[in-house]
Amino acid sequence: YLPTQADPVPDGISGPTPNSHFLVRSGVPAPEPAVFRVLLEVNQSWDWNAYWTNNKFPGDTAYMSSSQPAVVYEAVVNPGSGQREFPMHAIGHSHWSGKTGELFRDLGTLTTALEIAEKITVRIP
């Protein structure tokens with residue numbers, strides 16, 4: 001499933017993260033795909049740690065206000081499985097200053113960035 005010129009359904013939602021629990025409602029156009037992935041990118045500015053220091057990339061102003069890169073979570077949703085809840089798992093992180101769409105799989109340098117969300121679940125009706 002991808003948005004097209006003829007069917008321009010958005011594939012993303014962006015906005016500030018609420019301070020507590022929240023629910024995002026979304027949908028896919030009919031017919032529903034047999035299996036699909038849901039990806040979520042979560043970030044918290046100014047969360048430096050021993051690896052992601054404020055002088056790691058001198059001159060990169062986007063990085064200097066970002067700190068640890070955004071964590072990317074994934075759930076593989078199979079509506080035909082009978083399962084209605086699909087837990088999301090951290091699968092990597094984005095580029096430290098958002099310059100590429102590359103997924104970096106190594107989570108070993110992240111600390112508090114992995115603690116932003118306690119639990120993320122995709123639920124289908």
Could you tabulate the donor-acceptor pairs under 3.5 Å formed by side-chain atoms of residues 116-125, not counting sequence neighbours?
from : atom 1 : to  : atom 2 : distance (Å)
R123 : NE     : E85 : OE2    : 2.8

Flag yes if [X] and [Y] sit in one hydrophobic cluster, no otherwise; membership is Ile, Leu, Val, Met, Phe, Trp, Tyr, and two members link when side-chain heavy atoms are under 4.5 Å apart.
{"X": "V72", "Y": "V42", "result": "no"}
{"X": "F36", "Y": "F86", "result": "yes"}
{"X": "L39", "Y": "V35", "result": "no"}
{"X": "Y63", "Y": "Y51", "result": "yes"}

Applying side chain to side chain donor-acceptor pair (under 3.5 Å), name anything that partners [X], two or more places apart in sequence or on another chain.
{"X": "Q44", "value": "none"}
{"X": "T109", "value": "W52"}
{"X": "T112", "value": "Q68"}
{"X": "S67", "value": "none"}

For M64, the hydrophobic cluster (side chain heavy atoms closer than 4.5 Å, chained through members) also holds none
Heavy atoms of A34 and P79 approach each other most closely as O-CD, 3.0 Å
Nearest heavy-atom neighbours spanning A70 and N43: CB-CB, 3.6 Å
Would you mind listing every salt bridge (Lys or Arg N to Asp or Glu O under 4.0 Å) that reaches into [range], with sequence neighbours excluded?
{"range": "residues 75-84", "result": "none"}
{"range": "residues 53-66", "result": "D60-K99"}
{"range": "residues 104-114", "result": "none"}
{"range": "residues 66-76", "result": "R37-E74"}

Which residues pass the ring-ring contact (aromatic ring centres under 6.0 Å, His included) test with F104, sequence neighbours left out? H93, W96
According to side chain to side chain contact (heavy atoms under 4.5 Å, CB included), who are the partners of A90, at least two apart in sequence or on a separate chain? V71, Y73, L107, L114
With side chains defined as the heavy atoms from C-beta onward, is the minimum distance between T61 and S97 less than 4.5 Å? no
